Amino acid sequence: MEVAAIFLPLIGFLAAALFGRQIGDRGAMAVTCTLVNVAALISAILFVDVALGGDPRTVTLFTFIDSGAFEANWALKYDTLTAVMVLVVNLVSGMVHLYSIGYMEHDPNRARFFAYLSLFTFAMLMLVSADNLVQLYFGWEGVGLASYLLIGFWHEKESARAAAVKAFVVNRIGDFGFALGIFAVFLIFGSIEFDVIFAEAAEHADTTFNFLGYEVHALTTACLLLFIGAMGKSAQLGLHTWLPDAMEGPTPVSALIHAATMVTAGVFMVARLSPLFEYAPDALVFVAVIGALTAFVGATIGLTQTDIKRVIAYSTMSQLGYMFFAAGVSAYGAAIFHLMTHAFFKALLFLGAGSVIHALSGEQDMRRMGGIYRMIPWTYGLMWIGSLSLAGIGIYGVFGLSGYYSKDIVLEAAIADHSWFGTLAFALGIAAALLTALYSFRLIFLSFHGQPRADEKVMAHVHESPWIMLGPLLLLAFGAVFAGVIGYGVFVGDGRAAFWGEALFVLPANDTVEAAHHVAFIWKILPVVMGLLGIALAYWLYMVRTDLPATLAGRLAPLYRLSFHKWYFDELYHALIVRPTAMLGRGLWLKGDVGVIDGLGPDGIAKTARGVARYMGRFQSGFLYHYAFVMLIGVVAFVSWYLIAVR
């Protein structure tokens, strides 16, 4: 069953990609959707068996690489962490596949689209089931390739092509660091097999090696390099600029990338390598600080965006920051718990946004929406559920939506760490909680309420989505409501030790999840208070005093511009990296390639040959005495050479 859960999406990809013309669009959709959802069903059975039943196993398929002392098997490491990730990936991907049947109904390239979706799913499954770092890197690069294909799926649009290239290039930067991290791990342990390096991690807690001319702590260096890869793949501050541009792809792609696949790869990797990070405390500090800054910056940018999908994209960036600062304070279980709940409510929000866009004939600008909540009541209600879960709303000690349980334990673990970086993460996380609720319900009120701002032609065609799109939303809504309360006990509660087993490793002194259960009541209730305050503020600004947002934007113009222009990261990178690199490339092309290499190489030789040919052509006059003269010169030259050679 382990093999089926991983490889069924690959079979779907091959069927749709190789035989799409023979089986047609409907056939491609049928085979990919069926196989992914069968894989999801098998994943649920395996989750019960492996995670709840406490029966981890490793399935070795064949030898992947065997070169001297380096050996890597192609194997499936199926423990609780893998079981959780495979279930989440297959379940969300299955819902996205079904939703795409309705959303992509009129697209002429549906077979290719569904093939790419299944390829994406398979690559992520390979990543989370990897038994070693090389196999993990295979899946890591696989989701990068598939994301490039999906973001640029509508390649006739210049913006889609540019976004695909940007995502690919930015991720290559992070992946270079990730590759160096794998090399460092092999240098330290002589192996890239997880079981080997985890067993020997404590022995190398004090190991140092030479890196760039400096004697450095080996595990800290390796973990920092690996985390650079996570920063790219999971859009952490500095390497996050590709994420909002990825919205140029079809909306189901946005849901798949942002909910349960590519962007969560970095969080999974840090959790999987927890035995290494636990012995690299400085690396954990870096993870926590970057995660906290990402959570806050992403939330501030989401406040002023006008594209409905980009608002949700920056929400994803912010929530990923929560997951990373949880990992940075050693609360790996809390990080994966938030990853799991986030997959449900974020996929719900993205697909709900797609339903809004579908209803408004492709409109994505919230400034041209409004007044439609009665026309699409199912979508409206489901977006409320997703937004409330994202805002972390619940009643303490009674019940809350999924985000309430997972976000709160992340924040409680941060304050329970009693470190400067844990306190910083808690402070920025609380601020982000307020901003998250504010921009989430700004989206609700601008998109659905107020006077209709779309033109009459668009408003005349507003309609609810078909049930092939609403059905997956209802299932995701169930997860957004109940996944938190169902999973809390085993993920981060009293049953966590038996649940996780050896899948996660935390030093006893770093058990912040346990400490989180004993923090003061004020820290437990504060996230909900901030969420409710954010919703109330959004209602006041966008339903009652609708003139205030423009007034505030004018009075706080520098801050507004900073947020609206995304903290000027794109402009900064363009000025410091893109433009100088383009100028250098153009100079090397014109001066180096064309001027020197071609000028002295093939072009120079060809030019010389043409010149000699033109000169020699002058002797081809047709007059006999010209030919006799040339022959005489040749004879004299030959005799002279012979006499000199003899002497």
Side-chain angles (χ1 to χ4, degrees), residues 159 163 166 170 231 235-248 254 258 263 289-322 324-325 346 349-350 353 364-369 387 390-392 424-425 427-447 530-531 533-543 545-576:
S159 57
K166 185 176 183 180
V170 172
M231 288 177 66
Q236 293 301 281
L237 192 65
L239 294 179
H240 67 282
T241 53
W242 66 270
L243 191 69
D245 290 7
M247 297 301 98
E248 292 295 335
S254 304
H258 289 72
V263 294
V289 171
I290 291 295
L293 291 173
T294 302
F296 179 73
V297 171
T300 61
I301 298 174
L303 282 176
T304 57
Q305 302 307 301
T306 57
D307 185 302
I308 187 171
K309 288 170 63 177
R310 285 179 182 259
V311 173
I312 304 173
Y314 279 109
S315 165
T316 297
M317 172 184 165
S318 182
Q319 297 306 305
L320 287 166
Y322 278 91
F324 275 111
F325 76 66
K346 188 53 58 68
L349 285 171
F350 266 115
Q364 294 184 203
D365 192 331
M366 295 186 297
R367 294 171 298 183
R368 292 194 285 271
M369 296 181 182
S387 297
L390 173 60
L424 174 67
L428 293 178
I430 283 293
L434 171 67
L435 299 177
T436 297
L438 175 55
Y439 67 66
S440 296
F441 282 85
R442 169 180 176 263
L443 182 152
I444 292 287
F445 298 139
L446 283 179
S447 301
M530 299 303 280
L533 181 60
I535 295 173
L537 187 57
Y539 182 81
W540 176 256
L541 291 173
Y542 297 99
M543 292 292 288
R545 290 293 306 276
T546 54
D547 58 310
L548 277 182
T551 303
L552 290 173
R555 292 182 178 178
L556 304 174
L559 293 177
Y560 175 80
R561 287 194 296 269
L562 182 68
S563 171
F564 185 76
H565 291 284
K566 300 163 286 189
W567 288 55
Y568 294 98
F569 273 98
D570 284 317
E571 291 82 353
L572 181 65
Y573 287 169
H574 185 78
L576 296 181

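Bear in mind the structure is a predicted one, so any value in this text is a computation, not a measurement. Because only heavy atoms are used, hydrogens play no part in the values below, and waters and symmetry mates are left out as well, while side chains stay in.
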Original post:
Quick one: are Gln319 and Leu390 in side-chain contact, heavy atoms under 4.5 Å?
Top reply: yes
Subject >> side chain to side chain contact (heavy atoms under 4.5 Å, CB included) partners for Phe445, two or more places apart >> reply: Trp384, Phe441, His449, Ala538, Tyr539, Tyr542, Met543
Subject >> Beyond-backbone contact of Phe569 with Lys566, side-chain heavy atoms, under 4.5 angstrom >> reply: no
Original post:
Considering all heavy atoms of both residues, which atom of Ala391 and which atom of Ala437 are nearest to each other, and what is their separation?
Top reply: CB-CB, 4.0 Å
Subject >> Heavy-atom check, side chain of Leu446 versus side chain of Arg367, under 4.5 Å >> reply: no
Original post:
Going from OG1 on Thr294 to CZ on Phe324, what distance comes out if it is rounded to the nearest 0.5 angstrom?
Top reply: 8.5 Å
**OP:** Give the ring-plane orientation class for Phe325 versus Tyr322, where under 30° counts as parallel, over 60° as perpendicular and anything between as tilted.
**Re:** tilted
**OP:** Could you list the residues that satisfy side chain to side chain contact (heavy atoms under 4.5 Å, CB included) with Ser447, not counting sequence neighbours?
**Re:** Ile308, Met366, Met369, Leu443
Subject >> Distance (rounded to the nearest 0.5 Å) between Thr304 OG1 and Leu559 CG >> reply: 11.0 Å
Original post:
Taking side chain as C-beta onward, heavy atoms only, is His565 less than 4.5 Å from Ile301?
Top reply: no
**OP:** For Leu548, check side chain to side chain contact (heavy atoms under 4.5 Å, CB included) against everything at least two apart and list the hits.
**Re:** Trp540, Leu541, Arg545
Original post:
What do the steps show when you test Tyr560 against Leu552 for side-chain contact (heavy atoms from CB on, under 4.5 Å), and what is the final call?
Top reply: CA-CA 9 Å; Tyr560 175 80; Leu552 290 173; over 6 Å; no
Subject >> Nearest atoms (heavy-atom pairs only) where Gly291 meets Gln236 >> reply: CA-OE1, 3.5 Å
**OP:** Heavy atoms only: give me the nearest Leu438-Leu303 pair and the separation to one decimal.
**Re:** CD2-CD2, 3.4 Å
Original post:
Just how far is it from atom CG of Leu237 to atom CH2 of Trp567, taken to the nearest 0.5 Å?
Top reply: 8.0 Å
**OP:** In plain terms, say whether Lys166 and Asp570 are close enough for a salt bridge, that is, a side-chain N and a carboxylate O under 4.0 Å apart.
**Re:** yes
Subject >> NZ/NE/NH1/NH2 to OD/OE distance under 4.0 Å, Lys309 and Asp307 >> reply: no
**OP:** Can you see which heavy atom on Gly302 is nearest to which on Tyr439, and at what distance?
**Re:** O-CB, 3.6 Å
Subject >> Separation between CD of Gln305 and CG of Asp365, rounded to the nearest 0.5 Å >> reply: 11.0 Å
Subject >> Euclidean distance, Thr241 OG1 relative to Glu571 CD, rounded to 0.5 Å >> reply: 11.0 Å
Original post:
Counting only heavy atoms not in Phe564, do more than 12 sit closer than 6.0 Å to its CZ atom?
Top reply: no
Original post:
How about Val263 and Met317: do any of their side-chain heavy atoms sit closer than 4.5 Å?
Top reply: no
Original post:
Do you know which two heavy atoms are closest between Ser563 and Thr300, and how far apart they sit?
Top reply: OG-O, 2.6 Å
Original post:
Do any N or O atoms from the side chain of Ser315 and from the backbone of Val311 form a donor-acceptor pair under 3.5 angstrom?
Top reply: no
**OP:** Check whether any side-chain heavy atom of Arg310 sits under 4.5 Å from a side-chain heavy atom of Asp245, and report yes or no.
**Re:** yes
Original post:
Considering all heavy atoms of both residues, which atom of Ser318 and which atom of Gly298 are nearest to each other, and what is their separation?
Top reply: CB-C, 4.2 Å
Original post:
If only atom types and distance count, is the side chain of His240 paired as donor or acceptor with the main-chain N or O of Gly238 below 3.5 Å?
Top reply: yes
Subject >> Student check: side-chain heavy atoms of Tyr568 and Arg561 closer than 4.5 Å >> reply: yes
